[in-house]
Asks: 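My questions all concern the structure below.
All chains are named by letter (A, B, ...) in the order of the sequence lines, taking the proteins before the strands, and each is independently numbered beginning at 1.
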There are 2 protein chains.
Amino acid sequence: MSNDIRILFGKNVRKIRISMGISQEELAFRCGLHRTYISDIERGTRNVSLENIERIAHALNVPPKDLFDFSSIEPKDDQET
Amino acid sequence: MSNDIRILFGKNVRKIRISMGISQEELAFRCGLHRTYISDIERGTRNVSLENIERIAHALNVPPKDLFDFSSIEPKDDQET
DNA sequence: ATGTGACTTTAAGTCCGTG
DNA sequence: TCACGGACTTAAAGTCACA
């Protein structure tokens, strides 16, 4: 079910934001984006475009591709229990 | 000058497409997107959003984050004059 | 087989609010 | 501090004709 790149992307944003210890509002401010928009993104309800991906990545101090690293969210079902 | 994520993204799409030996038209078909839209993306004139990023990545048989791996395009010579 | 300007439709992104 | 809705403006999606 890889349909939801929006969901995975949002989870990554949230995870990194939380790890930085900042609020959605603070992240929004650092991105120059709207408070409610960040909320939407984290909940996977928005189809974010390239330039905003970059802005968010920059505000989170990570390269954009880190926001697409879903390995820690969607573990490889490799059956390594 | 990391402003141009559109450019870098487009270059990656093109690079991978070429390496697959397919045309823009063929890629467009595999993505379910329009031929001219792919052309625009590769030239960096479009601000592509998440779902189309995923479609393109899928059509190119790479994970989305590969399209954000700019290391081979923007070599790291940290000479930021 | 691709680049490009123009165009219409759809969704991105803003801003007001409430619980 | 955040989820979420409604209404709004701007930009992305998607298509075309022609170079």
Side-chain angles (χ1 to χ4, degrees), chain A residues 1-68 70 73, chain B residues 1-68 70 73:
Chain A
M1 196 64 53
S2 55
N3 188 354
D4 280 22
I5 191 172
R6 288 187 277 95
I7 299 290
L8 295 172
F9 181 87
K11 283 188 181 177
N12 265 351
V13 170
R14 173 163 294 178
K15 190 179 61 175
I16 298 172
R17 176 180 63 80
I18 297 293
S19 80
M20 288 179 72
I22 64 174
S23 67
Q24 288 180 349
E25 219 164 0
E26 175 62 24
L27 175 58
F29 176 75
R30 295 189 192 186
C31 294
L33 294 172
H34 206 267
R35 183 202 108 214
T36 60
Y37 189 50
I38 298 295
S39 169
D40 288 349
I41 290 171
E42 291 191 356
R43 283 163 30 240
T45 65
R46 292 289 187 158
N47 194 15
V48 195
S49 63
L50 277 178
E51 308 220 320
N52 284 339
I53 289 168
E54 187 181 44
R55 281 184 175 195
I56 294 165
H58 188 74
L60 292 172
N61 294 309
V62 296
K65 70 169 179 172
D66 278 24
L67 298 176
F68 292 89
F70 306 138
I73 295 176
Chain B
M1 198 63 51
S2 54
N3 190 352
D4 282 15
I5 191 171
R6 288 187 276 95
I7 299 291
L8 296 171
F9 181 86
K11 283 189 180 178
N12 265 351
V13 170
R14 174 163 292 176
K15 191 179 60 176
I16 298 171
R17 175 179 65 78
I18 297 294
S19 80
M20 289 178 72
I22 65 173
S23 67
Q24 288 181 349
E25 226 164 357
E26 174 63 23
L27 175 58
F29 175 75
R30 297 190 191 186
C31 294
L33 295 172
H34 205 269
R35 187 209 111 216
T36 60
Y37 187 53
I38 299 295
S39 170
D40 288 349
I41 289 171
E42 290 191 358
R43 284 162 30 242
T45 66
R46 295 280 189 160
N47 194 14
V48 195
S49 62
L50 280 177
E51 309 222 317
N52 282 342
I53 290 169
E54 187 181 43
R55 281 186 175 193
I56 294 165
H58 188 72
L60 292 172
N61 293 308
V62 295
K65 71 169 178 172
D66 279 22
L67 298 176
F68 292 89
F70 306 137
I73 295 176

Asks: Which nucleotide in the list D/dT15, C/dG3, D/dA3 gets nearest to the side chain of A/Arg14?
Replies: D/dA3

Asks: Is the number of heavy atoms from other residues, nucleotides or ligands within 6.0 Å of CZ (A/Phe29) greater than 12?
Replies: no

Asks: Whether B/Tyr37 contacts D/dG14 is assessed here as follows: a side-chain N or O lying under 4.0 Å from the phosphate OP1 or OP2. Is that the case?
Replies: no

Asks: Respond yes when some side-chain nitrogen or oxygen of B/Asn47 is under 4.0 Å from OP1 or OP2 of D/dA12, and no when none is.
Replies: yes

Asks: Look at the rings of A/Phe68 and A/Phe9 and say which category their plane angle falls in: under 30° parallel, 30 to 60° tilted, over 60° perpendicular.
Replies: tilted

Asks: If the cut-off is 4.0 Å, is A/Ser39 near the phosphate of D/dA3, judged by side-chain N/O to OP1 or OP2?
Replies: yes

Asks: Any side-chain N or O of A/Arg35 under 4.0 Å from OP1/OP2 of C/dT14?
Replies: no

Asks: Does a side-chain N or O from A/Arg17 land closer than 4.0 Å to OP1 or OP2 of D/dT1, or not?
Replies: no

Asks: Can you check whether any acceptor in the base of D/dC16 is under 3.5 Å from a donor in the side chain of B/Thr36, or vice versa?
Replies: yes

Asks: Does some side-chain heavy atom of A/Ile22 sit less than 4.5 Å from a side-chain heavy atom of A/Arg30?
Replies: yes

Asks: With a non-hydrogen cut-off below 4.0 angstrom, is B/Asn52 in contact with a base, only sugar-phosphate, or nothing?
Replies: sugar-phosphate

Asks: For A/Thr45, which contact category applies under a 4.0 Å heavy-atom criterion: base, sugar-phosphate, or nothing?
Replies: nothing

